[in-house]
Amino acid sequence: MPREFPRTRRVGEQLRRDLARLIRDEIDDRRMVMVSITAVEVTRDFAHAKVFVTYLGSEDDRKAAMDVLGQHAAPLRARLGRELRIRTIPRLAFVYDESVERGARLSSLIASAVAEDVARHRNDETEGSDAGPE
């Protein structure tokens, strides 16, 4: 894994904030309301940036939203070039971030396992109290 440099991290955070605003304000598509930028990883030379996004909605809408983001990558980069004060504006690559969905699935699995365990303990307690003295 490449070493993290503080400047690339700061630039990535600035890109995340600016892209979130630009996507909200500049792209006129109803699906963009459900898009969230979770992180931006910038290469050390600022040539490329992976923009990790999540989408709340159906899988078909998610794929369409990712296509829209891909089509708007160059205009968004140009707009960033006018706003940011860095020599090189990275090429944007939008990547769907599955970590939020994965986390929700894991939370759901944990919650169901805990519920099953609680139900099993209640059943054990109920069966033990019905036996009576021997």
Side-chain angles (χ1 to χ4, degrees):
M1 185 165 129
R3 206 170 98 206
E4 188 79 19
F5 294 93
R7 184 157 189 250
T8 58
R9 199 175 354 178
R10 287 193 313 267
V11 170
E13 279 301 308
Q14 185 64 47
L15 286 173
R16 186 184 64 75
R17 287 189 298 270
D18 289 347
L19 281 170
R21 181 182 45 78
L22 288 173
I23 289 169
R24 181 190 69 226
D25 296 343
E26 302 291 325
I27 300 178
D28 188 28
D29 190 315
R30 66 174 177 78
R31 293 173 292 231
M32 294 300 108
V33 174
M34 306 301 281
V35 170
S36 295
I37 298 177
T38 56
V40 177
E41 289 181 0
V42 182
T43 58
R44 186 174 173 191
D45 62 355
F46 300 113
H48 302 280
K50 277 188 190 177
V51 181
F52 293 93
V53 297
T54 59
Y55 184 81
L56 299 174
S58 70
E59 188 171 339
D60 292 336
D61 283 346
R62 174 180 56 94
K63 288 178 182 176
M66 292 303 293
D67 289 342
V68 168
L69 287 172
Q71 293 167 2
H72 283 85
L76 288 170
R77 180 177 183 230
R79 183 67 188 265
L80 287 169
R82 290 190 295 270
E83 294 181 7
L84 295 177
R85 293 184 181 157
I86 58 175
R87 181 177 297 163
T88 305
I89 303 298
R91 293 190 188 279
L92 304 175
F94 291 94
V95 179
Y96 184 70
D97 186 1
E98 294 180 355
S99 64
V100 174
E101 286 179 12
R102 217 174 309 127
R105 276 195 304 267
L106 283 173
S107 292
S108 174
L109 286 172
I110 290 169
S112 65
V114 168
E116 287 177 20
D117 192 43
V118 167
R120 187 175 316 123
H121 279 43
R122 282 187 186 146
N123 288 340
D124 290 347
E125 290 174 3
T126 311
E127 291 172 4
S129 65
D130 289 341
E134 289 185 23

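This structure is a prediction, so every number in the text was calculated from the model and none was measured.
- Residues L106 and V114 are members of separate hydrophobic clusters, defined by side-chain heavy-atom contacts under 4.5 angstrom among Ile, Leu, Val, Met, Phe, Trp and Tyr.
- Summarising the geometry of G12 relative to V40, their closest heavy-atom pair is O-CB, 3.5 Å, with the distance given to 0.1 Å.
- Here T38 pairs with D97 under the side-chain hydrogen bond (donor to acceptor under 3.5 Å, both in side chains) rule; sequence neighbours left out.
- Here the straight-line distance linking atom CZ of F94 with atom CG of L19 works out to 5.5 Å at 0.5 Å rounding.
- Looking at every heavy atom in both residues, L15 comes nearest to A49 through CD1-CB, 4.3 Å.
- Residues passing the salt bridge (charged side-chain N to carboxylate O under 4.0 Å, His left out) test with K50, sequence neighbours excluded: none.
- Considering only residues two or more places apart in sequence or on other chains, R17 meets the side-chain hydrogen bond (donor to acceptor under 3.5 Å, both in side chains) condition with Q14.
- Judged by distance alone, the side chain of S107 and the main-chain N or O of G103 form a donor-acceptor pair under 3.5 Å.
- Take S36 and apply the side-chain hydrogen bond (donor to acceptor under 3.5 Å, both in side chains) test, not counting sequence neighbours, and it matches no residue.
- To the nearest 0.5 Å, atom CZ of residue F52 and atom CD1 of residue I37 are 12.0 Å apart.
- Using a 4.0 Å cut-off between a side-chain N of Lys or Arg and a carboxylate O of Asp or Glu, R10 and E13 do not qualify as a salt bridge.
- In summary, D60 and K63 do not engage in a salt bridge, as defined by a charged side-chain N under 4.0 Å from a carboxylate O.
- Counting heavy atoms from C-beta outward, L84 and V11 have side chains that stay 4.5 Å or more apart.
- Taking hydrophobic clusters as Ile, Leu, Val, Met, Phe, Trp and Tyr residues chained together by side-chain heavy-atom distances below 4.5 Å, Y55 does not share a cluster with V95.
- In terms of the side-chain hydrogen bond (donor to acceptor under 3.5 Å, both in side chains) criterion, residue partners of D45 (sequence neighbours excluded) are, by chain and number, T43.
- In the displayed structure, R91 atom CZ is contacted under 6.0 Å by at most 12 heavy atoms of other residues, nucleotides or ligands.
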Identify each donor-acceptor pair in which a side-chain atom of residues 66-81 lies under 3.5 Å from a protein atom, sequence neighbours left out, and give them as a table.
unit_1	atom_1	unit_2	atom_2	d
H72	ND1	V68	O	2.9
R77	NE	I89	O	2.9
R77	NE	P90	O	3.2
R77	NH2	I89	O	2.8
R79	NE	E83	OE2	3.0
R79	NH1	E26	OE1	3.3
R79	NH1	E26	OE2	2.8
R79	NH2	E83	OE2	3.4

